[in-house]
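The model shown is predicted, which means the values in this text are computed figures rather than measured ones. Scope of the values below: all heavy atoms of this structure, side chains included, with no hydrogens, waters or symmetry mates.
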Amino acid sequence: MEPGEPAMPLHEGSYALSWRSGYLTLEVWTDERNLLRRITGLAGQSRSRVELTIERFGKKTGTLTIQDASAPRVSDRSSRLSYRESFRRSLMRQFAGWRIGDLTAEADLEHSLSPSYPRALLRQGTKGWAAIGGGPDSDANGVLTFGLIWLDYLRSRERKLTIEGLALFLQRGRERTTSLRLQWMNPNAAQFQVFVQGDDGFEDRVDLADYGNLDTHLEPCTRLGAGLPGEVESWMEEIAAAVPVERRPRGDGGVSLCVHGLEFARATDRGLTFGIETERRASASNLKEIVSLATQLHRLRSTAGGDHLNPLYARNPERWLESCVRSELTAIDATLMSDPVYGQVPAFTAGDRDVIDLLAVDGRGRLCVMELKAAEDIHLPLQGLDYWTRVRRHAAAGDFSRCAYFPGVELRTDAPRMLLIAPALDFHPSNEVVLRYFAPQVEVERVGVGLEWRKSLKVMFRYSSGR
């Protein structure tokens, strides 16, 4: 690998190492390219990596790296470094006449910058741009978070430069989520450009206006437990009479039975199943066993006498936090109606999310999106924005009223509020940085709850970011 050039594989018959005129010379060839370098010294080495100083034609010096791409924990780094050089060539094409600086794919833990996304500073006179790339092996949905962090860091460091905006380079077909999110960034805070890179190594700038259509669908609201067999309803009543359980609506029209957010049974129009690790179909003869399971969960997930090291106590903390928020919603926000509260409506079609989405309404009919996370998450603001954009679209179209959500409430069609809820010490420090770039229409409030939220839900702070 050589800075600014694509990596060249060393296969048998594709390279030669020899002495020429008193110099050690390396020659490598592929179908597209030949390389011939004099090796003048050893700059560094490890078990799987050798960095050499070299001399090109015209006595120009530089460095060249030979790396074992199959070594443990090396293949990812090799891929990142290879993409970094592809990223460099893209920057040279799209920002011709600009000087590329600070191009790196190394981690910067102090400033929360990931090695998965190479980044650079582009300079031209007193102007600058931040740039970040999402390679084939990176999570495309994370690039905007780290891009905004990088932009903000450069603005604080480069006082003599006007960092005008952020350029994002993404793989073709993986730019949709980022492009939709960028439509809700504040244009007065920064400019944004998106480029998509194809398999041919070249890139095109995209028009963000082409990504206005949001793929979202709202299912009609059904009454909790509606359509369940009468026998199943009576079984659930018998279980609830024996031990306190939570009844949660499911997207398929069924009901989840939970203890502090941990599901132990579910009811559908096909019957009742139960179990933690594996599900079993229930009959009347299993009710005693199901009650025993729920009782055991209450004991293990007790904040007073439970075993806090038991895996079942620590399991699904986001669901437990959701349980607390649902039962004490007015402690989170006194303006919100405590019932009904819906979970992930509208639903996401692209797999499970590791945050909890709730939808509530206040006394004036304005919707409120809540994103819950029980642990630190650097991507929380943008995950919340994904849900907010879907709710906003359906609210503006009047879909929630038409689909019988929040019966008896005259719902407003303006943009919803957003609450980001997490333990007070578990908001990532960079969350505030990201929120700083949100458009004014996205009204966001961070709500930090006490460390012992499982025992008692207490609000420790409220911050309206960027306002």
field: side chain to side chain contact (heavy atoms under 4.5 Å, CB included) assessment of E289 paired with L293
entry: CA-CA 6 Å; E289 184 180 357; L293 174 60; 5.9 Å; no
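- Side chain of S302 to main chain of R299: no donor-acceptor pair is present (N/O by atom type, distance under 3.5 Å, no hydrogens or angles).
- Between H308 and Y313, the two ring planes are parallel [angle under 30°; tilted spans 30° to 60°].
- Side-chain contact between H260 and T303 is absent, with no heavy atoms from C-beta onward closer than 4.5 Å.
- C221 and Y342 make their closest contact through SG-CE2, 3.7 Å (heavy atoms, listed as atom of the first residue, atom of the second, distance).
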message: Could you go through R93 and F195, starting from their C-alpha distance and side-chain angles, then the distance that decides it, and tell me whether this counts as side chain to side chain contact (heavy atoms under 4.5 Å, CB included)?
response: CA-CA 11 Å; R93 284 190 291 265; F195 300 88; over 6 Å; no
- request: Walk me through it: do Q383 and K373 pass the test side chain to side chain contact (heavy atoms under 4.5 Å, CB included)?
  value: CA-CA 11 Å; Q383 290 173 331; K373 189 70 178 171; 5.7 Å; no
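- Closest approach of V345 and L359 over heavy atoms only: O-CD2, 3.7 Å.
- Aromatic rings from F427 and F461 are positioned such that their centres are separated by under 6.0 Å.
- Ion pairing of E246 with R326 is absent here, as no side-chain N (NZ or NE/NH1/NH2) approaches a carboxylate O to less than 4.0 Å.
- Listed for the Q94 side chain is no donor-acceptor partner under 3.5 Å among the backbone atoms of R205.
- Side-chain contact between P381 and V444 is absent, with no heavy-atom pair separated by less than 4.5 Å.
- Using a 4.5 Å cut-off on side-chain heavy atoms (C-beta onward), V341 and L336 make no contact.
- The shortest distance between side-chain heavy atoms of V361 and F400 does not fall below 4.5 Å.
- By the 4.5 Å heavy-atom criterion applied to side chains, L435 and Y463 are not counted as neighbours.
- When ring centroids are compared, F87 and F169 come within the 6.0 Å threshold.
- The backbone N or O of T216 sits nowhere less than 3.5 Å from a side-chain atom of R393 that would complete a donor-acceptor pair.
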message: Walk me through whether R412 and L367 qualify under side chain to side chain contact (heavy atoms under 4.5 Å, CB included).
response: CA-CA 7 Å; R412 290 164 51 176; L367 295 173; over 6 Å; no
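- The shortest distance between side-chain heavy atoms of D204 and R172 falls below 4.5 Å.
- Defined by atom type and a distance below 3.5 Å, a donor-acceptor pair is present between the side-chain atoms of S90 and Q197.
- Distance alone, capped at 3.5 Å, is enough to place a donor-acceptor pair between the R174 side chain and the P136 backbone.
- Atom-to-atom distance recorded for E322:CD and I356:CD1 is 5.0 Å, nearest 0.5 angstrom.
- The residue from L91, L154, D102 that alone fulfils the side chain to side chain contact (heavy atoms under 4.5 Å, CB included) condition with L122 is L91.
- Taking the six-membered ring wherever Trp is involved, the centroid distance between the rings of H379 and F146 falls below 6.0 Å.
- Under a 3.5 Å cut-off, the side chain of R462 and the backbone N or O of I332 do form a donor-acceptor pair.
- In this structure, E452 places its CD atom where only 12 or fewer heavy-atom neighbours from other residues, nucleotides or ligands lie under 6.0 Å away.
- From R319, atom CZ reaches atom CG of L372 across 10.0 Å, with rounding to the nearest 0.5 Å.
- Looking at every heavy atom in both residues, G261 comes nearest to S323 through N-CB, 4.0 Å.
- Across P346 and H394, no two heavy atoms sit closer than the pair CG-CD2, 3.6 Å.
- Put simply, the side chain of S292 does not reach to within 4.5 Å of the side chain of T295, judged on heavy atoms.
- How far CG of L170 is from CZ of R176: 14.0 Å, rounded to the nearest 0.5 Å.
- Sparse packing is recorded around CG of L451, with 12 or fewer heavy atoms of other residues, nucleotides or ligands lying under 6.0 Å away.
- L182 CG to Q193 CD: the interatomic distance, rounded to the nearest 0.5 Å, is 11.0 Å.
- Taking the side chain as every heavy atom from C-beta outward, N186 and Y437 never approach each other to under 4.5 Å.
- V291 and A242 make their closest contact through CG1-CB, 3.7 Å (heavy atoms, listed as atom of the first residue, atom of the second, distance).
- Contact record, L272 with I239: CD2-CD1, 4.3 Å, taken as the closest heavy-atom pair.
- Taking the charged nitrogens against the carboxylate oxygens, R155 and D152 have no contact shorter than 4.0 Å, which rules out a salt bridge.
- Here CD1 of I149 is found 10.5 Å from OH of Y117. Values are rounded to the nearest 0.5 Å.
- Ionic pairing of E85 and R89 is not present here: no N-O contact between side-chain nitrogen and carboxylate oxygen is shorter than 4.0 angstrom.
- Taking CG of L148 as the start and CZ of R436 as the end, the distance is 10.5 Å to the nearest 0.5 Å.
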